[in-house]
Every structure is written in structure tokens, then in C-alpha cells.
**Student:** 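Here you go, one structure.
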Amino acid sequence: MEEAMKKFLSAALAALLLAASAGTAVYAADAPTGEAIKGTPTIDGKIDDAWAGAPVYSIDRLKDGRDTGLKSTFSAMWDDTALYVLIIAEDSDHSFEGGPSVGDGMEIYLDLNNAKTMSFDDDGQAYFAMCANDAGTLTYDGSAYGKMILEDAASVAMTTEDGRYIYEAKILDEAMEVEFVEGMQIGFDIQVNDQVS
């Protein structure tokens with residue numbers, strides 16, 4: 001059995017501009033940006049009406065492996081208590097061997113002070129991941145402090161439909177020791193992993 005893995009990193013967001021309404025994104029000198037609209041979706045792995053006005057960004061930069069036809073998008077929202085992320089992965093060939101960083105799954109990276117350092121600092125830089133066949137288990141990595149606070153902040157719901165996964169994530173700002181406000185910029189990235197059997 002041939003196994004190949006591909007990882008997609010978002011070409012759309014290295015810094016996420018949080019704003020109260022849709023509008024023109026603000027572009028940093030060398031980092032792509034995007035926008036989160038203000039709103040509060042229900043986090044249940046289903047796409048509710050709250051997501052209708054949120055910009056949709058393609059996750060389309062191949063990191064490893066080969067292109068097997070996976071199509072992924074994401075959107076983001078925020079309110080006074082949390083950041084919300086919706087990921088849709090169109091994938092008809094499911095394989096879960098190897099955990100969330102190898103099998104089908106997703107990873108969300110946060111750099112809440114937008115430092116853009118090459119390695120994890122001792123602040124809120126961290127990421128969490130989940131395998132597409134295990135909605136109940138999140139794994140964490142990053143700075144020791146970032147991992148610790150993210151474990152209390154992040155929750156994910158997922159549904160699987162024919163040919164696609166829907167992930168919804170909620171990251172609580174109080175647990176992450178930040179306050180989301182209009183115009184704030186954070187470092188942010190998404191990776192969708194696809195294992196092909």
C-alpha cells in the first residue's frame with residue numbers, strides 16, 4: 001500500500017486582522033492577512049447562518065507530499081469572549097494512521113502577540129491539532145506557557161459528511177490571557193493534513 005501525505009498551509013493568513021465587519025484587509029509588509037468578522041456561531045461541527053458573512057480563504061499551499069486533490073477552506077469570526085474558526089476539507093479518500101500530524105486532520109497555530117518569531121517563544125505561541133476520526137482528542141505543542149493556556153482555551157467540534165470534514169474551533173480569549181478587540185492583529189495559520197492509502 002502506497003502512503004503519501006500532504007500538508008496544506010494557509011497562503012491566505014499569516015496574520016489575522018480582527019475587525020467588527022467585513023472590509024478591506026490590511027496587509028503587512030511581507031505577510032498575507034485576512035479578516036475575521038464579529039459574530040458568534042454555534043460550535044457543533046455544522047455550518048450555521050452566522051458564517052454566511054465571513055470571508056472564505058483557501059488553504060492551498062502544499063508543504064509536503066503530493067497533490068491528491070484535497071480542497072480546503074477556512075473562515076474566522078470573533079466576539080468579546082472567543083475566536084472562532086471554520087475549516088472545510090473536501091476529501092474523499094480517508095486514512096487516519098499516524099495521528100493528527102500525519103493522518104487526516106487539522107492544526108491551528110496561534111501567535112497572539114503577532115511576534116512572527118522563527119521558534120516558539122515563552123508567550124502565547126502554540127498550536128493544537130486533531131485527527132479527523134477522533135473529535136474528542138486534541139494534541140498541543142508550542143511554548144510551555146502557550147501549551148498550558150491553550151489546553152484550557154481550545155475546543156473543537158467536527159462532523160464528517162460524504163467527501164468532506166467540517167471542523168469548528170473556539171479559542172477563549174480569557175483563557176489565552178488576551179482581549180479580542182476591533183482592529184487587533186494576531187499571528188495565525190492553519191494546516192490541513194491528508195493521508196492517502
Side-chain angles (χ1 to χ4, degrees), residues 1-16 31-32 34 36 41 43-48 51 54-77 83-111 118-120 125-144 146-148 150-151 153-171 186-197:
M1 174 173 61
E2 177 189 358
E3 292 187 3
M5 176 183 66
K6 65 180 178 178
K7 296 183 178 181
F8 284 85
L9 292 177
S10 166
L13 279 190
L16 176 64
I43 302 302
D44 57 5
K46 300 174 184 175
I47 305 171
D48 59 34
W51 289 108
V56 177
Y57 299 96
S58 293
I59 304 171
D60 58 6
R61 191 171 71 207
L62 183 65
K63 180 177 180 287
D64 297 320
R66 60 184 173 85
D67 187 350
T68 58
L70 176 70
K71 306 286 186 199
S72 300
T73 61
F74 76 94
S75 299
M77 298 176 69
L83 173 68
Y84 305 94
V85 182
L86 169 68
I87 302 171
I88 302 172
E90 306 281 347
D91 179 20
S92 58
D93 184 354
H94 306 311
S95 181
F96 308 107
E97 295 179 17
S101 63
V102 177
D104 288 0
M106 69 87 190
E107 304 174 29
I108 295 177
Y109 297 75
L110 297 167
D111 176 13
M118 295 300 293
S119 60
F120 290 116
Q125 293 186 27
Y127 72 91
F128 62 95
M130 69 177 288
C131 196
N133 67 339
D134 184 6
T137 303
L138 295 180
T139 60
Y140 305 88
D141 202 354
S143 70
K147 283 171 55 177
M148 179 183 70
L150 189 57
E151 288 180 12
S155 59
V156 177
M158 186 200 72
T159 56
T160 303
E161 300 175 352
D162 288 342
R164 75 175 182 171
Y165 304 112
I166 299 170
Y167 305 94
E168 283 188 302
K170 179 178 182 178
I171 300 103
I186 65 170
F188 176 85
D189 211 345
I190 288 177
Q191 181 165 295
V192 173
N193 300 324
D194 184 26
Q195 176 80 0
V196 180
S197 60

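Nothing here was measured: the structure is a model prediction, and the numbers come from that model.
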**Student:** Donor-acceptor pair, distance only, cut-off 3.5 Å: does the side chain of S75 make one with the backbone of P55?
**Tutor:** yes
**Student:** How about S72 and E90: do any of their side-chain heavy atoms sit closer than 4.5 Å?
**Tutor:** no
**Student:** Just how far is it from atom CD1 of I59 to atom CG of L70, taken to the nearest 0.5 Å?
**Tutor:** 8.5 Å
**Student:** I want to check something: taking the side chain as every heavy atom from C-beta on, are I88 and V56 in contact at a cut-off of under 4.5 Å?
**Tutor:** no
**Student:** Which residue, I171, D111, L110, forms the side chain to side chain contact (heavy atoms under 4.5 Å, CB included) with F188?
**Tutor:** L110
**Student:** Write down the atom of G34, the atom of Y57, and the distance for their closest heavy-atom approach.
**Tutor:** CA-OH, 3.3 Å
**Student:** Please lay out, stage by stage, how V156 and E168 fare under the test side-chain contact (heavy atoms from CB on, under 4.5 Å).
**Tutor:** CA-CA 6 Å; V156 177; E168 283 188 302; over 6 Å; no
**Student:** Hey, is the main chain of Q195 close enough, under 3.5 Å, to the side chain of D104 for a donor-acceptor pair?
**Tutor:** yes
**Student:** Start with the C-alpha gap between T73 and L86, add the side-chain angles, then the distance that decides, and say whether side-chain contact (heavy atoms from CB on, under 4.5 Å) holds.
**Tutor:** CA-CA 8 Å; T73 61; L86 169 68; over 6 Å; no
**Student:** side-chain contact (heavy atoms from CB on, under 4.5 Å), that's the test. Do D194 and V192 meet it? Break it down for me.
**Tutor:** CA-CA 7 Å; D194 184 26; V192 173; 5.8 Å; no
**Student:** Which heavy-atom pair separates I108 from A169 by the least distance, and what is that distance?
**Tutor:** CD1-CB, 3.7 Å
**Student:** Please round to the nearest 0.5 Å and tell me the distance separating atom CE of M158 and atom CE of M106.
**Tutor:** 9.5 Å
**Student:** Out of curiosity, L150 CG to F128 CZ, how far, rounded to the nearest 0.5 Å?
**Tutor:** 6.0 Å
**Student:** Any heavy-atom pair between the side chains of M148 and Y140 that's under 4.5 Å?
**Tutor:** no
**Student:** Between I190 and E107, is a side-chain contact (heavy atoms from CB on, under 4.5 Å) present by the stated rule, with each step listed?
**Tutor:** CA-CA 6 Å; I190 288 177; E107 304 174 29; over 6 Å; no
**Student:** Between N193 and Q191, do the side chains contain an N or O donor and an N or O acceptor separated by less than 3.5 Å?
**Tutor:** yes
**Student:** Taking atom OH of Y84 and atom NZ of K170, what is their separation to the nearest 0.5 Å?
**Tutor:** 4.5 Å
**Student:** Are the side chains of K46 and T159 in contact, using a 4.5 Å heavy-atom criterion?
**Tutor:** yes
**Student:** Please round to the nearest 0.5 Å and tell me the distance separating atom CG of L83 and atom CD1 of I186.
**Tutor:** 5.0 Å
